[in-house]
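Counting convention: from 1, in listed order, for ligands and their atoms alike.
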Amino acid sequence: MKLITNQQIANILKEISFLLEMEEDSSFRSRAYEKAALIIESLDQSLIDIYNSGGLKAIEKIPGIGKSLALKIEELIKTGKLKYFEDLKKQTPINLDELTKIEGLGPKSIKKLYQKLKIKNLDDLEKAAYRGQIRKLEGFGQKSEEKILKAIEFAKKNKGRFILGFIMPLVKQIEANLKNLPEIKNVDVCGSIRRRKETIGDIDILVSLKNENNQKDIKKVMSFFTTMPEVEYVYAKGDTKSSIRLSIGIDVDLRIIPQKSYGAALNYFTGSKDHNIALRQIALKKGYKLNEYGLFDKNGRQVAGSTEKELYEFLGLQYIPPEMRENVGEIDLALKNKIPKLIDYNEIYGDLQVQTNWTDGSASIEEMANAALKLGLRYIAITDHTKHLAMTGGLDDKKIEKQWQEIDKLNLKFKNQGFKILKGTECDILLDGSLDLKDKTLQKLDIVGVSIHSHFNLPKIEQTKRIIKAITNPYVNILFHPTCRILQKRESIQADWDEIIKTAKKYNVVLEIDAFPDRLDLNSDLIRKCVNEGVKMSVDSDAHSTNHFSFLEYGISEARRGWARKEDIINAWPLEKMLSFLKKN
Ligand code: DGT
Ligand code: CA
Ligand code: CA
Ligand code: ZN
């Protein structure tokens, strides 16, 4: 039995779907795999648990998963591998991971590039583009060749980094497994993960032991770590540090730290490097020496370092939350005792961007509401796409009115649970800045969100004008995923953000922090600007299935990285307060 997560299984099914899509006449089978992947991603229970308690039959009972798929899942659970998938990959030996990161390359074009130019990976693609071979292919042109080159540059910058929210379930699982070892006292994941950076290079873990110098315990912890089922390769196994690579391709370091140095090590390995350097300078000015073993006076005596709190105290600094440690002004604030009270992870009341199966979501309004309620939320806004986004089956003015009838009915049901479903939209901003629904429809909605889903490459001046025209519409409440970036896939659109923030302030428009792990847009710099200008924000999951509400966590992380407080985030407020803020005169 292999420890394979639902996400890993879903990813394999997605790759199969992609590979099938490249073949002729396989799009039906391809869609079945894609659908199954989405269903598996939104399961509450792990497939391993389902399989262990009910066997193959229980897997088959999951909607959307038939006999043949269930057998494949069983094979993955039992062996960690799937022969069907390995064979498919042999037939088309291309690096999908790399090539699908190039914006605009879908299954059909990747297939053509492979068949005509033998392009298997990013390297091949880059060479062919530089040689001008791609523009000669049917269906490609000089413009798409240029676009590909730009996308390659972008992808190279991100190579080897992982998106925090997608890797976090695995990190939490490893952390929990270590915590369960009876020899271990403290476990902390530090580095960029503790700072909640959007993407991370590796996983840095610190532990301390209950019996610090017991060689047997040290060996046992290190052996456990280097033989976890996810381990693919062991770089080093020692008494104080071990390093491994996991099968998904990410490296993990584990360090055993003596209790008296634990805070200093935690601080050092959390970083950022620039934050560390600034702290060390403060220590020097005070006549101390700071390193990962502790804070030491002139005589080499340790004065602090067993806890982080103590360390900051001795340096004359207020405690600085890890999300702020980027040396962008936080140390000054701490010196003046002015670290803001950041929004906390349990302070979100509602979610203002939620998609359902009325468009491209996978669950019904009721299922989404129940999932939100289960997580402790008090309200959600249903914000399905509008008609201009035709591939999602976007709603028009008529269809959205039908949706309101369903919402009204459901609200009767949810009322005694203290939960409210708001009528919303993710209304498309058209090329000229006008909106995809009529004003008289927008007027009747509780939450009008607007966003861009096309023409990402407009010049800065035009893009700015377009957005400003949209958000000055009197019925607009929120600009969803304002910069439209997709991490590792698409750069932000070009726009004058100072101008947009100014306009948002004037027109009482909220800017969204989209919590979907590959969006996190606004980024921390823009969030800090909004906080400074008094522009309010929302943290929304952009959920497309019931388990996506858990993404809110990463939106809160981004908000904290941008120094936002509860008063800056409107859905950290109770419903009435939030709605009355949005009301316009
Ligand atoms: P990553 O892994 O690229 O996402 O980013 P980090 O910040 O986790 O960087 P990593 O894993 O290289 O190192 C973990 C922490 O260790 C880093 O945030 C600060 C500390 N550190 C590493 N190298 C140095 C160094 O040369 N000087 C100082 N002061 N600190 C360092
Ligand atoms: Ca790291
Ligand atoms: Ca590291
Ligand atoms: Zn959107």
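- Between atom 29 (N) of ligand 1 and the options His275, Arg280, Arg195, Arg161, the minimum heavy-atom separation is to Arg280.
- Set against the non-hydrogen atoms of Gly191, the atoms of ligand 1 under 4.0 Å away are 8 (O).
- No other N/O/S atom of Asp202 lies as close to the Ca ion (ligand 2) as OD1 does.
- In Asn276, the part holding a heavy atom less than 4.0 Å from any atom of ligand 1 is the side chain.
- Within ligand 1, counting atoms from 1 as listed, the ones closer than 4.0 Å to a heavy atom of Phe269 are 14 (C), 15 (C), 16 (O).
- The Asp202 neighbourhood of ligand 1 comprises atoms 2 (O), 11 (O), with distances under 4.0 Å to a heavy atom of that residue.
- Interface of Thr270 with ligand 1, defined as ligand atoms under 4.0 Å from a residue heavy atom, comprises 18 (O).
- In terms of distance to the Zn ion (ligand 4), the nearest N, O or S atom of Glu426 is named OE2.
- Within the 4.0 Å heavy-atom shell around ligand 1 one does not find Lys197.
- Counting the atoms of ligand 1 from 1 in the order shown, those under 4.0 Å from a heavy atom of Ile200 are 4 (O).
- Note on Asp542: not counted as a metal contact of the Zn ion (ligand 4), no N/O/S atom lying under 2.8 Å.
- Put simply, His481 gets within reach of the Zn ion (ligand 4), with an N, O or S atom under 2.8 Å from it.
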